[in-house]
Amino acid sequence: MAQTITQKILSKAANRKFVDAGESVWLNVDILLTHDVCGPPTFDIFKQEFGPDAKVWDPKKVVVLPDHYIFTANEHAHRNIDLLRQFAKEQQLEHYYDVGTDRYKGVCHVALAEEGFNLPGTVLFGTDSHTCTSGAFGMFGTGIGNTDAAFILGTGKLWEKVPESILFTFDGKMPAYLTAKDLILQILGDITTDGATYRAMEFDGEAIFSLPMEERMTLTNMAIEAGGMNGIIAADSIAESYVKARSQKPYELFQSDPDARYHSKYRYDVSKLEPVVAQPHSPDNRATVRSVEGTKITKSYIGSCTGGKLTDFVMAARILKGQRVSVTTNIVPATVKVARDLETELYDGQSLKQIFEDAGCTIALPSCAACLGGPADTVGRSVDNDVVVSTTNRNFPGRMGSKHAGVYLASPLTAAASAITGKLTDPRDFL
Amino acid sequence: METIIQGKAYVLGKNIDTDQIIPAEHLVYSLSDPEEVILYGKYALSGVPPEQGGLPQGNILFIEEGSCRSEFSIIIAGPNFGCGSSREHAPFALKVAGVKAIVAESYARIFYRNCVDGGFAIPYETAEPLNQLIKTGDELKIDVEANTIENLTSKVTYKLNPLGDVFNIVEAGGIFAYARQEHLMPQS
Ligand code: SF4
């Protein structure tokens, strides 16, 4: 029977030849990811349920990446890191990346890719809704809560309902002013924030397979914004060379059968799309940048697992080179690796870091920072009636701090162009 | 499992995301230390913009100033309840506040799973837009076996969608209880 790539991966994880959309199956888990917000309560439940001396099912398969509340004076946040450290020690978890050491990485979804944990054909569960990001590598990745994660810690298994898939095909060559962020915001406007609930979002087409891995990750990252269980892109040679450069582990390539059954299919011609934003207070509240041009902003924020990767900063630098920002502009690299790359990666003869500093931006330390608001002393946190243009993924009320602030989700090109003028600006004005 | 759930309705709109259910700044408290656990009750639904809390009137507090328990134990909401992050702190906070059941037109997947697998509150779905038919403060009665919800204030009964696949987990009280019952993990 014909299957989608998601069905094939889940079949393998369920030790079956075929799984049908809608059936609930028990899956063998390849990697469990957790972080500082959901790790401690997960470990608590694990101990409660499996006993104080219980051992995790496979210490090599548990990846703990503290990233949410790192650079803060908040005591509870520090305590959470202590709890991670203690559990990692007790359980001898070799994939624990401690804060304050040179093992610290930063935002988990980007670090997973950098450290070679994303392997085509595998199954990843994580205590974070953006675990779907890893689907860019032709694998199944999805978010779960603490109880489910504790269950995996003890058993290495979890039940899941096999999703139906929606296929999004992007034809054509990506124009220089268009980014993966524009593509996913386009989709969100079309299908809304619950358009893919309990479904897989599969992406393909010439434009998609021309994208670097970081840009593909922006697409799969925001599958959850449409309610998607997972986002997925079949691994091609670009994905394979990324993986091979970071891991020696075996992996398996899967592709959807040509006659696989889909819930629905969407097709776009990228040459006809334009830069868009999601207006407050929902990621599906799409508008072309042109139609909201001139809206005054008070902050620009370039960071997070969605918009804080090296490719995002290269895009921002294309616009900011030789310019000055007119509003507070926070550059928040997702990981330590990205932060380092800002110093070495050159654009037009200058390092990205230099370009941002010359433009008057503030460069913060790598973590989730104000993407989710965070404790009161978090860099870039919105206050009062801030109007923020941001490369992050959510703009629900209060997401970046203040309940009264408005957040416009945008591409790094749009966020950079708007930072210069102090109002929402189409990046084509600067390219 | 209780077979009758009775309590007052708290009515909300659509797309109530986890940041509105429990704002991110509060995620730092312990979920096991009793003194900190009650803080989750205190801040439950505190991210909902005031005019959208307690519909149709709005501006009705879910938790009174200084309290950690709500007088409302049944949430009535529109589509896509619990969208956003994976934080289990969200259904946990509702449970601490005293919520027993949620009745929404639809749910985001992770929130729904968390409710079921964590045994926090029963997530019912309805085909009808109950958040436009029920008012905050109405006295409601859910019959778990008959899959109905009766508005004792207006004397109208509505159908709830059967829980289907997850009924057994809900009935057992969560994924661990279910797994023990089914011998998927050792008895404790
Ligand atoms: S950067 Fe934002 S969206 Fe990504 S993991 Fe951190 S808080 Fe979540």
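Lettering follows sequence order; numbering is per chain, from 1. Atom set for the values below is all heavy atoms of this structure, side chains included, hydrogens, waters and symmetry mates excluded. Please read these numbers as outputs of a predicted model, since none were measured by experiment.
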Interface residue of largest heavy-atom contact number with chain A, from Gly84(B), Ser32(B), Pro49(B), under 4.5 Å =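 Highest number of heavy-atom pairs under 4.5 Å: Gly84(B).
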
Largest heavy-atom contact set with chain A, pairs under 4.5 Å, which of Gly47(B), Pro23(B), Cys83(B) =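 It is Gly47(B).
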
Sort out for me which of Asp148(A), Asp36(A), Thr193(A), Thr42(A) touches chain B most, counting heavy-atom pairs under 4.5 Å.
->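 The candidate making the most pairs under 4.5 Å is Asp148(A).
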
Before giving the answer on side-chain contact (heavy atoms from CB on, under 4.5 Å), spell out for Glu49(A) and Arg180(B) the whole-Å C-alpha distance, their side-chain angles and the decisive distance to 0.1 Å.
-> CA-CA 10 Å; Glu49(A) 299 291 341; Arg180(B) 288 203 177 86; 3.1 Å; yes

Separation of Met185(B) CE from Phe50(A) CZ (nearest 0.5 Å) =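 Interatomic distance, Phe50(A) CZ to Met185(B) CE, rounded to 0.5 Å: 4.0 Å.
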
Just how far is it from atom NE2 of His76(A) to atom CG of Leu39(B), taken to the nearest 0.5 Å?
->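 Going from NE2 on His76(A) over to CG on Leu39(B), the span is 7.5 Å.
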
Side-chain heavy atoms of [X] within contact of [Y], under 4.5 Å:
{"X": "Leu31(B)", "Y": "Asp44(A)", "result": "no"}
{"X": "Arg113(B)", "Y": "Leu158(A)", "result": "yes"}
{"X": "Gln52(B)", "Y": "Pro397(A)", "result": "no"}
{"X": "Ile110(B)", "Y": "Ile224(A)", "result": "yes"}
{"X": "Tyr69(A)", "Y": "Glu25(B)", "result": "no"}
{"X": "Phe92(B)", "Y": "Pro41(A)", "result": "no"}

Minimum heavy-atom separation for [X] to [Y], with atom names?
{"X": "Asn80(A)", "Y": "Leu27(B)", "answer": "ND2-O, 4.4 Å"}
{"X": "Ser106(B)", "Y": "Asp194(A)", "answer": "OG-OD2, 4.0 Å"}
{"X": "Ile45(A)", "Y": "Glu88(B)", "answer": "CD1-OE2, 3.9 Å"}
{"X": "Asn114(B)", "Y": "Ile144(A)", "answer": "OD1-C, 4.3 Å"}
{"X": "Ser85(B)", "Y": "Ser129(A)", "answer": "CA-OG, 3.5 Å"}
{"X": "Trp159(A)", "Y": "Ile169(B)", "answer": "NE1-CD1, 3.8 Å"}

Quick check on [X]: does its [atom1] atom have over 12 non-hydrogen neighbours (other residues, nucleotides or ligands) under 6.0 Å away?
{"X": "Glu64(B)", "atom1": "CD", "value": "no"}
{"X": "Lys159(B)", "atom1": "NZ", "value": "no"}
{"X": "Gln48(A)", "atom1": "CD", "value": "yes"}
{"X": "Lys47(A)", "atom1": "NZ", "value": "yes"}

Just one of Val37(A), Leu372(A), Asn146(A) clears the side chain to side chain contact (heavy atoms under 4.5 Å, CB included) bar with Arg87(B), so which one?
->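 Going through Val37(A), Leu372(A), Asn146(A) one by one, the side chain to side chain contact (heavy atoms under 4.5 Å, CB included) with Arg87(B) is satisfied by Leu372(A) alone.
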
Identify the residue among Arg399(A), Arg394(A), Lys403(A) that makes a salt bridge (charged side-chain N to carboxylate O under 4.0 Å, His left out) with Asp19(B).
->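 Going through the options one by one, the only one that passes is Arg399(A).
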
Is it the case that [X] and [Y] place a side-chain donor and acceptor less than 3.5 Å from each other?
{"X": "Ser30(B)", "Y": "Arg79(A)", "answer": "no"}
{"X": "Ser86(B)", "Y": "Asp128(A)", "answer": "no"}
{"X": "Asp117(B)", "Y": "Thr147(A)", "answer": "no"}

Which bit of [X] is near chain B, if near means a heavy-atom gap under 4.5 Å: side chain, backbone, both or neither?
{"X": "Glu23(A)", "value": "neither"}
{"X": "Ala376(A)", "value": "neither"}
{"X": "Asn74(A)", "value": "side chain"}
{"X": "Thr197(A)", "value": "side chain"}

Might you work through the side-chain contact (heavy atoms from CB on, under 4.5 Å) test for Arg199(A) and Arg109(B), ending with a clear yes or no?
-> CA-CA 9 Å; Arg199(A) 303 203 175 103; Arg109(B) 164 186 161 269; over 6 Å; no

Counting only heavy atoms closer than 4.5 Å, note whether Phe111(B) contacts chain A via side chain, backbone, both or neither.
->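 Phe111(B) has no heavy atom closer than 4.5 Å to chain A.
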
Given the side-chain rings of Phe176(B) and Phe46(A), with only the six-membered ring counted for Trp, is the space between their centroids under 6.0 Å?
->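 No, too far apart.
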
